[in-house]
Chemist: 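One structure, as structure tokens, below. Some questions next.
Hydrogens, waters and symmetry mates play no part in the numbers below; they use all other heavy atoms, side chains included. Just so you know, residue 1 is the first one in the sequence shown, and it goes up from there. Just follow the structure's listing: the first ligand is 1, and inside any ligand the first atom is 1. Keep in mind it's a predicted model, so treat the numbers as computed, not measured.
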Amino acid sequence: MPQIETGPFEQGPLTPVEAAELEALYAAAFPEEDPFPLVRRLHEEVPDLVSLKAMAGETLAGHIIFTPCTIEVLPQVRRPKPDPDAAPSSQATPAALLAPLCVAPEHQRQGIGSALIRAGHDKLRSMGTTHVLVLGDPAYYGRHGFAPGSNVEPPCPLPEHWREAWQWLTLDPSRPEPNGILSVPAPWRDPALWAE
Ligand SMILES: CC(C)(COP(=O)(O)OP(=O)(O)OC[C@H]1O[C@@H](n2cnc3c(N)ncnc32)[C@H](O)[C@@H]1OP(=O)(O)O)[C@@H](O)C(=O)NCCC(=O)NCCS
């Protein structure tokens with residue numbers, strides 16, 4: 001098995017070579033979805049994006065993104081219809097949204113996904129971000145400390161049976177999770193990303 005190394009993508013738009021490699025990786029890992037247009041937009045539009053790759057030798061074997069967001073503390077806790085366009089409040093708390101994550105099928109079950117999550121968490125800690133949110137399989141993310149029952153509403157309403165998939169993690173247990181709504185940058189505001 002080749003040695004796996006994780007490292008960051010440069011800030012800003014992807015180069016044509018990076019885009020081609022990532023597009024092929026996502027097509028292989030997600031045969032029934034196409035997250036790559038979102039990946040491209042995030043690179044183009046979001047400053048301070050945490051975009052990490054895992055290399056197996058010269059081959060791109062995995063990728064993860066953490067998008068910098070804020071938790072907006074709203075006057076009414078648990079609003080029935082979260083407003084992702086709510087104006088930032090002075091009480092905003094930095095947070096990160098984990099997604100997407102993928103590992104090439106031939107490199108799965110070698111610890112690459114776990115290594116990418118750990119590397120991302122280390123980077124977030126260095127940025128002073130301690131709250132992480134994810135919409136994903138609890139069976140996988142639960143292994144990494146994520147749990148359902150977040151006090152933070154997702155930016156768009158979720159199907160009821162996805163509530164358990166909306167999970168949170170704090171990288172600093174001394175800082176409790178605030179109540180609020182996750183305010184996300186534009187590429188994440190498409191309701192289709194939050195629905196079946
Ligand atoms: C999910 C994914 C990122 C895991 O990457 P990975 O490098 O294989 O993960 P790791 O090697 O760190 O961990 C593998 C372990 O997680 C388990 N696992 C993988 N996906 C899982 C899931 N959805 N639910 C529960 N366990 C899962 C594996 O069975 C394996 O268990 P084992 O250690 O007992 O053998 C990878 O399988 C993938 O890219 N899948 C397709 C895209 C995807 O679903 N992305 C996540 C979107 S939420």
Chemist: Has ligand 1 got any nitrogen or oxygen that is less than 3.5 angstrom from a nitrogen or oxygen of Asp137?
Modeler: yes

Chemist: Taking distance alone, with N or O pairs closer than 3.5 Å, would you say Gly113 contacts ligand 1?
Modeler: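 Yes; the residue has a nitrogen or oxygen that sits under 3.5 Å from a nitrogen or oxygen of the ligand.
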
Chemist: Determine whether His161 and Glu196 satisfy the following criterion, side-chain hydrogen bond (donor to acceptor under 3.5 Å, both in side chains), listing intermediate values before the conclusion.
Modeler: CA-CA 11 Å; His161 60 281; Glu196 288 175 89; 3.1 Å; yes

Chemist: Establish, from distance only, whether the side-chain atoms of Glu177 and Ser150 form a donor-acceptor pair under 3.5 Å.
Modeler: yes

Chemist: Please could you name the atoms of ligand 1 that Cys102 approaches to less than 4.0 Å, counting only its heavy atoms?
Modeler: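 Heavy-atom distances to Cys102 below 4.0 Å select 39 (O).
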
Chemist: Ignoring hydrogens and angles, state whether a donor on the side chain of Ser174 or Asp172 is under 3.5 Å from an acceptor on the partner side chain.
Modeler: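 Yes - a donor-acceptor pair under 3.5 Å links their side chains.
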
Chemist: If the plane angle is over 60° it's perpendicular, under 30° parallel, otherwise tilted; pick one for His121 and Phe146.
Modeler: tilted

Chemist: Examine Leu135 against ligand 1 and note whether any of their N/O atoms are separated by less than 3.5 Å.
Modeler: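 No: no nitrogen or oxygen of Leu135 is under 3.5 Å from one in ligand 1.
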
Chemist: For Val103, is there any backbone N or O sitting under 3.5 Å from a side-chain donor or acceptor partner on Gln108?
Modeler: yes

Chemist: Which of the numbered atoms in ligand 1 are below 4.0 angstrom from a heavy atom of Ile112?
Modeler: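 Taking each heavy atom of Ile112 in turn, ligand 1 has 7 (O), 11 (O) under 4.0 Å.
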
Chemist: N/O of His144 under 3.5 Å from N/O of ligand 1, yes or no?
Modeler: no

Chemist: With a 4.0 Å cut-off on heavy atoms, is Ala29 touching ligand 1?
Modeler: yes

Chemist: Tell me the contacting part of Arg143 for ligand 1: side chain, backbone, both, or neither, using a 4.0 Å heavy-atom threshold, strictly below.
Modeler: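 Under 4.0 Å from ligand 1, Arg143 contributes side-chain atoms alone.
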
Chemist: Any chance you could lay out the side-chain hydrogen bond (donor to acceptor under 3.5 Å, both in side chains) test for His131 and Thr93, step after step, and finish with the verdict?
Modeler: CA-CA 8 Å; His131 299 289; Thr93 303; 5.7 Å; no

Chemist: Search all heavy atoms of Ile117 against all heavy atoms of His144 and return the closest pair with its distance.
Modeler: CD1-CD2, 3.6 Å

Chemist: With respect to Leu101, determine whether any N or O atom, backbone or side chain, lies less than 3.5 Å from an N or O atom of ligand 1.
Modeler: yes

Chemist: Gly111 versus ligand 1: do any nitrogen or oxygen atoms come within less than 3.5 Å of each other?
Modeler: yes

Chemist: So is Tyr140 polar-close to ligand 1, meaning N/O to N/O under 3.5 Å?
Modeler: yes

